[in-house]
A.B. asks: 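Before anything else, here's the structure in question.
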Amino acid sequence: MSFRMLNGMRDHQAEQAELRGDCERCFGLCCVALPFAASADFAVDKAAGTPCRNLREDHRCGIHARLRQSGFTGCTVYDCFGAGQQVSQVTFGGRDWRTGPKADARRMFEVFPVVRQLHELLWYLTEALALPAARPVRAELDEALQKTRALAAGTPEDLAGLDVAAHRQEVNVLLLRTSELARAGTKGRKKDRRGADLMGARLRGADLRGASLRGAYLIAADLTGADLRGADLIGADLRDADLTGADLTGAFFLTQPQLNAARGSAGTRLPGSVARPGHWTAQV
Ligand code: SF4
């Protein structure tokens with residue numbers, strides 16, 4: 001690997017590191033702005049814009065150390081892609097929703113999910129730009145990255161009026177082309193399982209090298225020992241999927257919340273863009 005490529009990888013990993021939630025610089029926005037429905041992931045119902053009953057005055061979670069045992073597994077899976085600190089410190093210049101005007105608080109809760117979507121797109125675009133095979137679309141990716149950054153830096157009013165779905169659609173076309181270029185480098189016939197219903201599927205040891213698993217439903221799928229090298233995992237639902245011993249080296253468009261929702265082990269091989277979830281067992 002050349003020195004330039006190595007530096008490029010470091011840059012992209014540093015940029016992606018910025019796209020992770022930093023609760024120290026956030027006013028607990030995800031614990032207030034988002035609605036929860038009582039389920040296996042959240043022990044209680046909560047309306048959007050209402051603080052979670054476990055949120056303390058200092059914006060810390062009162063049950064942080066025992067979220068899973070308390071029925072709040074969803075909170076250990078979630079990540080805001082850095083939208084919390086962006087909205088708290090940049091969009092609203094460090095104004096706390098608890099002490100500021102009510103109208104500001106409402107607007108803050110309204111734009112937080114919009115910025116999260118934009119930051120998630122920044123995550124994908126940053127990763128796409130680092131893929132050597134993306135060279136033919138690099139200029140377009142860079143343009144999309146700059147545009148998305150500019151949108152995320154907008155005023156509260158700009159963000160509230162933004163058609164984020166339309167922007168997502170625009171970026172998605174580009175990510176799809178990037179995926180095709182990146183997966184073309186994998187030898188053999190690449191499986192296209194885009195949007196496939198693979199819930200509970202027995203894919204133990206499956207050869208999914210270079211596969212498109214975009215938006216696939218892999219809930220509770222058995223992927224133990226599967227070969228997912230170079231696969232596109234954008235939007236794949238990996239809740240409770242078993243990745244024990246699987247190889248995801250070079251898999252792309254995989255986010256930390258997706259991985260956090262899956263099961264795995266110390267022997268699961270991961271791309272450098274994500275961290276091994278703390279709740280995975282230490283088994284190899
Ligand atoms: S349980 Fe804790 S982390 Fe989850 S929403 Fe409530 S305060 Fe936030």
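Both counts, for ligands and for their atoms, begin at 1 and track the order of listing.
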A.B. asks: For atom 6 (Fe) of ligand 1, decide whether Cys52 has an N, O or S atom at a distance under 2.8 Å.
C.D. replies: yes
A.B. asks: Considering only heavy atoms of Cys75, which atoms of ligand 1 have at least one such atom less than 4.0 Å away?
C.D. replies: 1 (S), 3 (S), 4 (Fe), 5 (S)
A.B. asks: Run the numbers for me: atoms of ligand 1, each under 4.0 Å from some heavy atom of Asn54, listed by number.
C.D. replies: 1 (S), 6 (Fe), 7 (S)
A.B. asks: Could you check whether the rings of Phe112 and Tyr78 sit parallel, tilted or perpendicular, using 30° and 60° as the cut-offs?
C.D. replies: tilted
A.B. asks: For Phe42 and ligand 1, answer yes if some heavy atom of the residue is under 4.0 Å from a ligand atom, otherwise no.
C.D. replies: no
A.B. asks: Do you see a donor-acceptor pair shorter than 3.5 Å between the side chains of His59 and Asp96?
C.D. replies: yes
A.B. asks: Just need the protein heavy atom nearest to atom 8 (Fe) of ligand 1, so name the residue and atom and give the distance.
C.D. replies: Cys31 SG, 2.3 Å
A.B. asks: Quick check on atom 8 (Fe) of ligand 1: does Cys61 put an N/O/S atom closer than 2.8 Å to it?
C.D. replies: no
A.B. asks: Determine whether a donor-acceptor pair (N or O, by modelled atom type, separation under 3.5 Å) exists between the side chain of His119 and the backbone of Phe81.
C.D. replies: yes
A.B. asks: For Arg194 and Ser212, does a side-chain donor sit closer than 3.5 Å to a side-chain acceptor?
C.D. replies: no
A.B. asks: So, Thr224 versus Asp222: side-chain donor-acceptor pair below 3.5 Å or not?
C.D. replies: yes
A.B. asks: Quick check on Leu67 - does any of its heavy atoms sit under 4.0 Å from an atom of ligand 1?
C.D. replies: yes
A.B. asks: Out of all atoms in ligand 1, which are within 4.0 Å of some heavy atom of Phe36? Include the element for each.
C.D. replies: 5 (S)
A.B. asks: Hey, are His167 and Thr148 close enough side-chain-wise for a donor-acceptor pair under 3.5 Å?
C.D. replies: yes
